[in-house]
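Within every chain, numbering begins at 1; the chains are lettered A, B, ... in the order of the sequence lines, protein sequences first and strands thereafter. All of these numbers come straight from a predicted model, not from anything done at the bench. We use all heavy atoms of the structure for the numbers below, so side chains are in, but hydrogens, waters and symmetry mates are not.
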There are 2 protein chains.
Amino acid sequence: MAVNKYYTITELTREFGVSTRTLRFYEDEGLIHPERRGRTRLFRSADRRLLQEILRGRRIGFTIAEIREIINVYKEPPGELGQLKLMMNRIDEKRSELRQKRKDIEETLEELDNAEEACLTRLAEIGVST
Amino acid sequence: MAVNKYYTITELTREFGVSTRTLRFYEDEGLIHPERRGRTRLFRSADRRLLQEILRGRRIGFTIAEIREIINVYKEPPGELGQLKLMMNRIDEKRSELRQKRKDIEETLEELDNAEEACLTRLAEIGVST
DNA sequence: ATTGACTGTTACGTAAAAGTCAAATATTCT
DNA sequence: AGAATATTTGACTTTTACGTAACAGTCAAT
């Protein structure tokens, strides 16, 4: 079965457009934990999916620390009540933050539309005189 | 008329929760151009609005260079045809980038919802035994 | 005239997230 | 086995976006 397929580090760097340094850095930071054959890293598809999430967080603009936090949130929620409430608070914070960002993005998209229209108008003006 | 109201630098820092260092830095970087009375900076409401846009760009995760570029796009579109096409291309690029980011955000929001549900479930489990 | 709040400039410092380079191993291909 | 290729670790460097310190000028109020 192809279930046990490994990805080498360079396969992943090529697929996602990141450097090997980046992947090693993420491992140092405790974001990913690829297996080893000797010293060589072997990535499973679970690692691959995790990397996808990390890079999504990166694109959004989260710091490593924030990404780590979100990853932990995905894992099992803690059994202790206080921890659980803390976690739910953090989830709430992240959610507000993301909603604000989404709003910012939508406003900026509108402004880009306006800017494009202005360009088209100007283009028409020039086009006429060409 | 209150039309000519000035904002001092600290008024703006308080309103937007940024430091004076940040505003001076943005001026150094050519993002804003407050007037001067002697050496003292005087901000008009146009500067204030511009600052709002800058901070929105910052929240989205744009670099200073990108923010500067977007600001320039908002200004008058250039008269020269080549420039105009370049600008429209950049607008298109930014738009794709922002749409990707919005998608990333929406996916992450969904995952946060899942994580919260898991927390609630766990909370119920604990609550029962409390 | 002095105090205190605000402002200015200049210059150095810093944290995050990799990039870059070197030297040593490991793996793959023939 | 031996050459060619890929990978690892470690150290040093870079870039961005300010923070921070040091020191001086401005202005209103006491």
Side-chain angles (χ1 to χ4, degrees), chain A residues 4-44 47-48 50-72 94 97 101 104 108, chain B residues 5-44 47-48 50-72 94 97 101 104:
Chain A
N4 288 324
K5 217 270 176 191
Y6 292 125
Y7 300 88
T8 72
I9 194 166
T10 34
E11 276 173 345
L12 288 188
T13 62
R14 281 185 189 133
E15 176 173 5
F16 293 111
V18 296
S19 70
T20 58
R21 177 72 182 83
T22 299
L23 296 190
R24 294 187 193 113
F25 175 68
Y26 288 164
E27 186 179 2
D28 282 350
E29 292 292 319
L31 298 185
I32 50 181
H33 305 282
E35 296 170 25
R36 297 284 178 132
R37 177 173 50 200
R39 331 180 84 183
T40 303
R41 292 167 178 82
L42 298 173
F43 295 79
R44 302 279 192 171
D47 298 311
R48 203 188 81 104
L50 184 51
L51 180 57
Q52 278 183 306
E53 295 198 0
I54 292 169
L55 294 178
R56 190 167 63 203
R58 184 174 82 159
R59 284 195 300 271
I60 291 175
F62 284 138
T63 66
I64 297 295
E66 288 169 321
I67 291 173
R68 183 166 31 228
E69 211 177 309
I70 291 179
I71 286 176
N72 288 333
K94 290 285 173 220
E97 198 183 321
K101 249 176 201 172
D104 289 330
T108 306
Chain B
K5 216 268 175 192
Y6 292 124
Y7 298 88
T8 72
I9 194 167
T10 33
E11 276 173 345
L12 288 187
T13 63
R14 282 184 187 136
E15 177 172 3
F16 293 111
V18 297
S19 68
T20 57
R21 178 71 181 85
T22 300
L23 295 190
R24 293 187 191 117
F25 174 69
Y26 288 164
E27 186 179 1
D28 282 350
E29 291 292 319
L31 297 185
I32 51 180
H33 305 283
E35 296 170 23
R36 296 284 179 133
R37 179 174 47 200
R39 331 181 84 184
T40 304
R41 292 166 179 83
L42 298 173
F43 296 80
R44 302 279 193 171
D47 297 312
R48 202 188 82 105
L50 185 51
L51 179 58
Q52 277 183 307
E53 294 197 1
I54 292 170
L55 294 178
R56 191 168 60 205
R58 182 174 84 160
R59 284 195 301 271
I60 291 175
F62 285 138
T63 66
I64 298 294
E66 288 170 321
I67 291 173
R68 184 167 30 229
E69 209 179 313
I70 291 180
I71 285 176
N72 288 334
K94 291 285 173 218
E97 197 182 322
K101 249 176 202 170
D104 289 331

Checklist line | Test applied, side chain to side chain contact (heavy atoms under 4.5 Å, CB included); reference residue, A:Arg56; option that passes from A:Gln52, A:Arg59, A:Arg58 | finding: A:Arg59
Check: Within a radius of less than 6.0 Å around CZ of B:Arg36, do more than 12 heavy atoms belonging to other residues, nucleotides or ligands occur?
Finding: yes
Margin query: Check this one for me: any side-chain N or O of A:Tyr26 less than 4.0 Å away from OP1 or OP2 of C:dA17?
Written below: no
Next item on the list: Find the distance B:Leu23:CG to C:dT9:P and express it as a whole number of Å.
Entry: 13 Å
Check: In whole angstrom, what separates A:Arg59's CZ from C:dA17's P?
Finding: 16 Å
Note to self: In this structure, how many angstroms lie between the C1' atom of C:dA18 and the CD1 atom of A:Ile54, rounded?
What the structure shows: 14 Å
Tabulated below should be each protein N or O lying under 3.5 Å from an N or O of nucleotides 6-12 of chain D; please produce it.
unit_1	atom_1	unit_2	atom_2	d
D:dT7	OP1	A:Thr10	OG1	2.9
D:dT7	OP2	A:Thr10	OG1	2.8
D:dT8	OP1	A:Arg41	N	2.7
D:dT8	OP1	A:Arg41	NH1	3.1
D:dT8	OP2	A:Arg24	NE	3.4
D:dT8	OP2	A:Arg24	NH2	3.1
D:dT8	O5'	A:Arg41	NH1	3.1
D:dT9	OP1	A:Arg36	NH1	3.1
D:dT9	OP2	A:Arg41	NH1	2.9
D:dT9	OP2	A:Arg41	NH2	2.4

Next item on the list: Figure out the CG/P separation between A:Asp28 and C:dA16, and round it to whole Å.
Entry: 15 Å
Note to self: Nearest whole Å is fine: how far is C:dG8 C1' from B:Phe25 CZ?
What the structure shows: 18 Å
Check: Of the non-hydrogen atoms in A:Ile32 and A:Leu50, which two are nearest, and what is the gap between them?
Finding: CG2-CD2, 4.0 Å
Margin query: Looking at B:Arg68 and B:Glu29, would you say the former's side chain and the latter's main chain have a donor-acceptor pair under 3.5 Å?
Written below: yes
Next item on the list: Can you tell me the distance, in whole Å, between the CD1 atom of A:Ile64 and the P atom of D:dT16?
Entry: 18 Å
Notebook entry, point to check: What is the distance from CZ of B:Arg37 to P of C:dG8, rounded to the nearest Å?
Noted result: 11 Å
Notebook entry, point to check: Whole-Å distance between D:dC18 C1' and B:Glu29 CD?
Noted result: 10 Å
